[in-house]
Protein chains: 2
Amino acid sequence: MLEVAKKVALTRPAVRTDADLTGSTPPLGKPTMATIRDVARAAAVSTATVSRVLNGTARVSDETRRRVSEAAKRLDYWPNGSARSLIHSRTQTLGVLLPDIFGEFFSEVIRGIDKAVRDAGLQVLLSSSHSSAEGLLSAAKAMAGRVDGFILMAPDLEAESAVDRIRKRFPLVLLNPRTQTPGTVSVSIANYEGAFAAVSHLIRLGHKRIAIVAGPMGNADSDERLRGYRAALVAHDIEPDERLVLTGAFTEVSGYEAGSRILRLRPAPTAVFAANDGMAIGLISRLSEGGVRVPDDVGVMGFDDIPTARYLAPPLSTVRTDAYELGACAVSGLLDVLGAEGEVLDLRWVMPWDLVIRRSCGALHGPRGSLTTTTPETTSEPAQSRGPILQREEESC
Amino acid sequence: MLEVAKKVALTRPAVRTDADLTGSTPPLGKPTMATIRDVARAAAVSTATVSRVLNGTARVSDETRRRVSEAAKRLDYWPNGSARSLIHSRTQTLGVLLPDIFGEFFSEVIRGIDKAVRDAGLQVLLSSSHSSAEGLLSAAKAMAGRVDGFILMAPDLEAESAVDRIRKRFPLVLLNPRTQTPGTVSVSIANYEGAFAAVSHLIRLGHKRIAIVAGPMGNADSDERLRGYRAALVAHDIEPDERLVLTGAFTEVSGYEAGSRILRLRPAPTAVFAANDGMAIGLISRLSEGGVRVPDDVGVMGFDDIPTARYLAPPLSTVRTDAYELGACAVSGLLDVLGAEGEVLDLRWVMPWDLVIRRSCGALHGPRGSLTTTTPETTSEPAQSRGPILQREEESC
DNA sequence: TTGTATGCGTTATCAT
DNA sequence: ATGATAACGCATACAA
């Protein structure tokens with residue numbers, strides 16, 4: 001096995017060695033790239049003409065067009081984006097401000113944003129891990145003049161004030177906003193409804209003692225899912241028990257730790273609703289270690305339907321929310337706002353969602369009828385579907 | 001359950017309603033934000049003085065400083081980033097060009113980049129899903145003048161030519177480069193070594209018939225891992241069998257499909273090395289469905305050690321590569337290049353890695369000694385560790 | 001200590 | 001059809 005390690009060094013000191021330029025490699029660094037003026041000079045025309053040719057913004061004679069194109073290619077001219085932004089007051093860039101991007105959910109959101117943005121010929125300036133108002137604000141400030149608007153997700157209560165200040169300066173789309181501000185475009189996950197449906201399903205299966213592994217308190221998504229959990233219990237005449245409400249951090253390890261606490265609960269719950277799939281994964285792992293079988297001894301439901309969910313053992317029942325589409329819709333919404341020329345748009349999109357019943361929540365041991373379950377091959381049409389539901393409130397003010 | 005859906009709409013038409021401005025909400029859109037000239041006017045000083053105050057770049061009398069600061073705050077002045085970039089020829093922004101960012105590995109890479117960039121007071125311009133040379137090049141072109149350099153990952157063979165062109169124009173750090181170009185800084189995963197170690201471990205457990213679920217052909221990471229797989233077999237006097245080499249796409253579903261093919265293999269392999277954890281997850285799921293137990297009937301090893309890996313059933317044995325650190329190191333490397341003032345840096349970092357032995361590869365049923373396994377609680381120190389190995393070649397040319 | 005003037009790299013508005 | 005020139009918003013060299 002020693003052959004695998006050829007050269008071993010220690011840590012990562014920032015070593016900067018002086019270097020003679022060997023003729024072989026082109027001198028890197030800043031060879032000061034050609035500007036539009038260089039092209040103009042080379043083609044013996046004015047910069048205005050170069051601009052016209054390259055942007056196709058006005059008629060140019062075939063001869064000069066040829067000369068300019070040739071010169072631009074020969075000098076390998078690439079226009080300077082900052083200069084263009086300055087002139088046009090348009091950056092062709094969307095700022096994306098997110099909380100801590102951990103796990104597959106955010107990975108998918110970013111993928112969706114990236115895809116939609118590229119399709120629109122735009123760019124993404126990304127900054128994440130914002131939970132405090134100051135952090136959010138300084139990030140936005142650093143992006144001023146470099147973005148045309150923002151896609152903003154700020155689930156943490158403490159960041160709320162920053163959202164308002166950003167809203168006043170920039171076109172904006174909110175992701176899962178905590179409050180419903182008039183004159184704002186937002187795209188949301190059906191947190192409350194999804195949680196309500198998930199817990200209702202567990203109840204329908206016969207469970208009466210249902211625990212929840214919530215996210216961090218003060219997090220908007222977590223709060224809404226917790227609210228849905230409680231509402232479902234109440235709607236089915238089950239008295240909520242605060243001892244069954246555990247707190248996690250939306251990470252696998254926090255679900256694992258919550259599992260330890262659940263194992264000590266007496267009387268033990270017969271089902272657990274985890275506020276996201278990551279925590280469900282950690283939870284199931286811990287329960288199994290504790291000798292508690294899922295779903296035989298305890299049923300588990302997650303939230304998100306991350307790509308991994310259907311491949312777990314047991315496959316995870318969960319609330320499907322299309323994170324990729326969420327990101328794409330946010331872009332689409334921001335484009336609408338940018339196209340609205342100062343008009344105030346008041347749109348609220350809620351993403352479609354589904355209850356995806358796999359094996360982790362178990363089959364019926366209550367009173368009611370039978371239930372189909374899905375395998376990876378057949379799961380494109382979830383057995384238990386609430387959707388697609390696309391809620392949109394739309395007002396102009 | 002009907003209560004969960006309150007208002008139902010259909011699809012997402014781009015509706016743009018005219019809107020009268022109600023007095024309550026501030027008129028959004030473009031209220032043309034204050035510029036440095038506005039602040040100068042309000043404070044009755046020159047723009048130069050405003051700049052000096054706000055940047056602390058020269059001494060200013062207390063009285064004017066106060067006036068300027070007050071005016072800036074009152075007008076809520078935010079400097080224009082594009083204008084600053086233009087003047088300084090420094091954008092304070094790093095361009096990040098990635099292939100399709102699917103799954104937890106890339107999620108972690110981006111997190112690492114984002115964190116390091118923010119710590120350095122910079123920004124990230126992100127663009128992904130690049131596999132073709134043209135796509136890569138046009139993305140880079142669109143970023144010209146808006147970034148100081150690039151972090152570039154282009155595992156696909158066809159994108160190679162674009163890398164060279166970008167290298168000539170911009171400071172650059174390569175992620176997992178296919179070839180070792182002189183005068184270039186790169187940060188890499190020990191693809192070959194990790195695969196070699198993983199397969200060697202399977203062999204040591206007594207396996208002789210070992211399949212691989214590789215990534216797409218032509219992908220640099222996949223090719224290297226495949227090479228490591230073959231080398232390990234050869235090194236242990238096992239004749240590679242091409243029928244045991246399957247191709248996937250680094251996704252869960254492709255691992256699932258590969259599982260179907262593996263179930264049909266005769267004679268059946270006793271172990272499978274999946275070129276990443278995502279495929280291992282799909283693979284295990286499919287094998288279980290086929291009545292093949294992991295690890296009892298077949299051992300499985302993955303690659304990456306994504307956060308989920310240790311929580312699977314069975315917990316996944318895999319090659320740990322710190323994707324988060326990979327991203328952070330790339331930023332650090334690019335910062336070095338940017339600080340090197342035109343000097344040519346030739347650095348090649350290889351990230352430390354570990355073999356993480358959990359349960360999916362099974363315990364010894366070969367000739368040799370015993371093996372410790374790790375549980376989630378105790379896994380911070382992997383039982384079977386090859387590292388940390390940090391390989392760094394460093395030359396100046 | 002402060003102001004004036006110039007330029008960063010573009011594009012748009014005038015001329016011609 | 002093409003060229004000179006004035007912005008865009010900011011920071012700096014140079015004067016005062």
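Treat the numbers as computed from the prediction; the structure is a model and nothing was measured. In what follows, every chain begins at residue 1, and chains take the letters A, B, ... in the order their sequences are listed.
If A:Ala58 and B:Thr35 are placed on DNA chain D by their nearest nucleotide, the residue sitting closer to the 5' end is A:Ala58. Positionally, the nearest nucleotide of DNA chain C for B:His88 lies more toward the 5' end than for the other of A:Val50 and B:His88.
Rounded to an integer number of Å, the gap from CZ of B:Arg65 to C1' of C:dT2 is 13 Å. Summarising the geometry, the separation between CZ on B:Arg41 and P on C:dG3 is reported as 14 Å, rounded to the nearest angstrom. Residue A:Ile36 contributes atom CD1, which lies 11 Å from atom P of C:dA12 at whole-angstrom precision. We find that CZ of A:Arg59 is positioned 16 Å from P of D:dG3, with the value rounded to whole Å. Atom CZ in B:Arg52 sits roughly 8 Å away from atom P in C:dT2 (whole-Å rounding). In this entry the distance linking CG of B:Leu54 with P of D:dA11 reads 8 Å, nearest Å. Summarising the geometry, the separation between CZ on B:Arg37 and P on C:dA5 is reported as 14 Å, rounded to the nearest angstrom. Going from atom CZ of A:Arg90 over to atom P of D:dA7 covers 23 Å, rounded to whole Å.
A heavy atom closer than 4.0 Å to some atom of DNA chain D occurs in A:Leu86, A:Ile87, these being the qualifying members of residues 68-87 of chain A.
In this structure, the nucleotide among D:dG3, C:dT11, D:dA11 sitting nearest to the side chain of A:Val45 is D:dG3. Taking the side chain of B:Asn55 as heavy atoms from C-beta on, and the options D:dA11, D:dT2, C:dT1, the nearest nucleotide is D:dA11.
Phosphate contact (OP1/OP2 of D:dT2, side-chain N/O of A:Thr49, threshold under 4.0 Å): absent. Residue B:Ser89 has no polar side-chain atom (N or O) positioned under 4.0 Å from OP1 or OP2 of C:dC8. Distances shown here put every side-chain N or O of A:Thr57 at or beyond 4.0 Å from the OP1 or OP2 atom of C:dT11. Between A:Thr64 and D:dT2 there is a side-chain polar atom (N or O) within less than 4.0 angstrom of OP1 or OP2.
Counting only distance, with no hydrogens or angles, the side chain of A:Ser61 and the backbone of A:Thr64 share a donor-acceptor pair below 3.5 Å. Checking side-chain atoms of A:Arg52 against main-chain N and O of A:Ala58 turns up no donor-acceptor pair under 3.5 Å. Side chain of A:Arg169 to main chain of B:Asp76: a donor-acceptor pair is present (N/O by atom type, distance under 3.5 Å, no hydrogens or angles). In this structure, A:Asp156 contributes its side chain and A:Ala159 its backbone to no donor-acceptor pair below 3.5 Å. A donor-acceptor distance shorter than 3.5 angstrom exists from the side chain of A:Asp38 to the backbone of A:Thr35, with no hydrogens or angles considered.
Sparse packing is recorded around CG of A:Asp62, with 12 or fewer heavy atoms of other residues, nucleotides or ligands lying under 6.0 Å away.
B:Leu94 is listed as a side-chain neighbour of B:Leu338, based on a closest heavy-atom distance under 4.5 Å.
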